[in-house]
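A short write-up of the structure that comes next.
Everything numeric here is computed off the predicted structure, so don't read it as measured data.
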There are 2 protein chains.
Amino acid sequence: MTINDNKIRLIVADDHTLVRQGIVQMLRQHDEFDVICECEDGVALVQAVVKHNPDVILMDISMPKMNGLVAIDRVIQQRSDAKVLVLTMHDEIEYMVALHRAGARGYLLKESSTDQLATAIRALHRGRTFFPDVLEKSLESTANGRGKPVSLLGGLTRREREVFFLVVAGHTTKDIAGLLDMSHKTAENHRGRVLAKMEVANTAELIRLAAREGLLE
Amino acid sequence: MTINDNKIRLIVADDHTLVRQGIVQMLRQHDEFDVICECEDGVALVQAVVKHNPDVILMDISMPKMNGLVAIDRVIQQRSDAKVLVLTMHDEIEYMVALHRAGARGYLLKESSTDQLATAIRALHRGRTFFPDVLEKSLESTANGRGKPVSLLGGLTRREREVFFLVVAGHTTKDIAGLLDMSHKTAENHRGRVLAKMEVANTAELIRLAAREGLLE
DNA sequence: GGTAATATCAGCGAAAGCACTGATGGAGAA
DNA sequence: TTCTCCATCAGTGCTTTCGCTGATATTACC
């Protein structure tokens, strides 16, 4: 037995102890995996990556002390070949794209099965990526079409952004028309395009999205 | 009356398979617990409770198909003595108060340790409750310092609270009527009363308010 | 000069939201 | 037993949202 008996060496980072320990417990059922370290926040993760140089890193994106995106950035800075598999509850495409750009190599919803988790880990270990189909499509379309939008507000035009902020501030289209000195039909049209670009069905969802992105207040 | 030794019989409900299975895996390490059923949503949970009559119910509050608060309500309807332990990531007091009123007997953050989880389960099984200290204080203050609303949700009736959560989740009144099995007019009425009590003009403002209060998942 | 993106306006129709009012039955308290 | 709160359903009427289509003017880029 060598110390390196080709197990896949993992670091698991998640601030929710119950969740993290649960996942670790589960991974320990598989012989092929070796959880060498657990982290509660991004800072600890970056240090652990430097110290242990794991094969694959499993991490939640919403962690205290250091935002997940920033954490990925730091990790990649330390080890440009780091294989980061993000575990998350959000299936918003915006999230996926952002993570992909940040350098994550895989993205897995917490709704996923344990089999999928194992598959994803193996994929990353072999140098592959693991993203849901939706993202693949989106990345293609951004590659084909001009490589623009991505950021939540980036895809909006100037006027649409103005309308967006007034909508999430709770104004009706008529209000907005008055405030921006335009026809209420124009305001409606802008509003409609915002909803379409943001891929939400109604104002309620739009505001939820804005809240998630920290765009309220 | 205990046919199968005196293990504490548990149902675990969480829509995130990874999280759920992790927790289950962890509970199986303890001899004193017996996980008799896992559920992915509120609907399944209610059915499972009726069927298995567990000692303690572990549940996430943010689940698809049926909002957690609604689910608790239904569970309590079926078994008024059901011991519901809520697992969540949110430590907002509003949530705790609402859950307490809904009939949950315990509240545990996912940041908690496994020991705390075991302690909480045992507490509920013995007929005690398990809430963070902050809540105890808050509940006292509502009892003593009379009158004061304290909670945003405090002024709402049980049904109004259910509707509230579904509204801020982005559902239309028709959706809500379906989910709560009521006429769409009734749902509209509840919604209207929620808007009035919260002193906001429309859904947009309501969601902003909810976001400010940390009531969005 | 052609092309593309943007900002503007408008109409239509379906759906949803919102403000009223009124009515019934049940549960619990005074 | 009254009385109040709650949950339920319903109707009317108006406003707002939302999806779709189509049109024009300006700007800017190649």
Which part of the nucleic acid, if any, lies within reach of B:E160 when heavy atoms closer than 4.0 Å are counted: base, sugar-phosphate only, or nothing?
nothing
Among C:dC18, C:dT8, C:dA16, the one nearest any side-chain atom of A:R159 is C:dT8
For B:E205 and D:dT16, give me the distance from atom CD to atom P, rounded to whole Å.
13 Å
Which part of the nucleic acid, if any, lies within reach of A:N202 when heavy atoms closer than 4.0 Å are counted: base, sugar-phosphate only, or nothing?
sugar-phosphate
Hey, does the side chain of A:T203 come within less than 4.0 Å of D:dC18's phosphate (OP1/OP2), counting only N and O?
yes
Between B:T157 and D:dC5, is there a side-chain N or O to OP1/OP2 distance below 4.0 Å?
no
Do A:I57 and A:K83 come within less than 4.5 Å of each other through their side chains, counting heavy atoms only?
no
Between B:K185 and A:A201, which residue's closest nucleotide on DNA chain D lies nearer the 5′ terminus?
B:K185
Looking just at side-chain N and O atoms, do B:R122 and B:H125 make a donor-acceptor pair shorter than 3.5 Å?
no
Under a 3.5 Å threshold, yes or no: a donor from one side chain and an acceptor from the other, between A:H190 and A:E160?
no
Side chain of B:K174 - closest among C:dT8, C:dA16, C:dC18
C:dA16
Which of the following nucleotides, C:dC18, C:dT8, D:dC9, is nearest to the side chain of B:N189?
D:dC9
Length of the line joining A:R161:CZ and C:dA5:C1', which is rounded to integer Å:
14 Å
Check every atom of C:dG17, D:dT8, C:dT8 against the side chain of B:R191 and return the nucleotide holding the closest atom.
C:dG17
Are B:K110 and B:D60 close enough for a salt bridge, meaning some N to O gap below 4.0 Å?
yes
Identify which nucleotide among C:dG17, D:dT17, D:dC9 has an atom closest to any side-chain atom of A:T173, counting heavy atoms from C-beta outward.
D:dT17
Whole-Å distance separating the CG atom of B:L206 from the P atom of D:dT17
15 Å
Of the listed nucleotides D:dC18, C:dT8, D:dT16, the one nearest the side chain of A:H190:
C:dT8
Between D:dC9, C:dA19, D:dC18, which nucleotide has the shortest distance from any of its atoms to the side chain of A:L195?
D:dC18
Out of C:dC9, C:dC18, D:dA7, minimum distance to the side chain of A:S183 belongs to C:dC9
Nearest whole Å is fine: how far is D:dA7 C1' from B:R193 CZ?
8 Å
Checking side-chain polar atoms at under 3.5 Å, does A:T186 have a donor or acceptor matched by the opposite partner on A:R159?
no
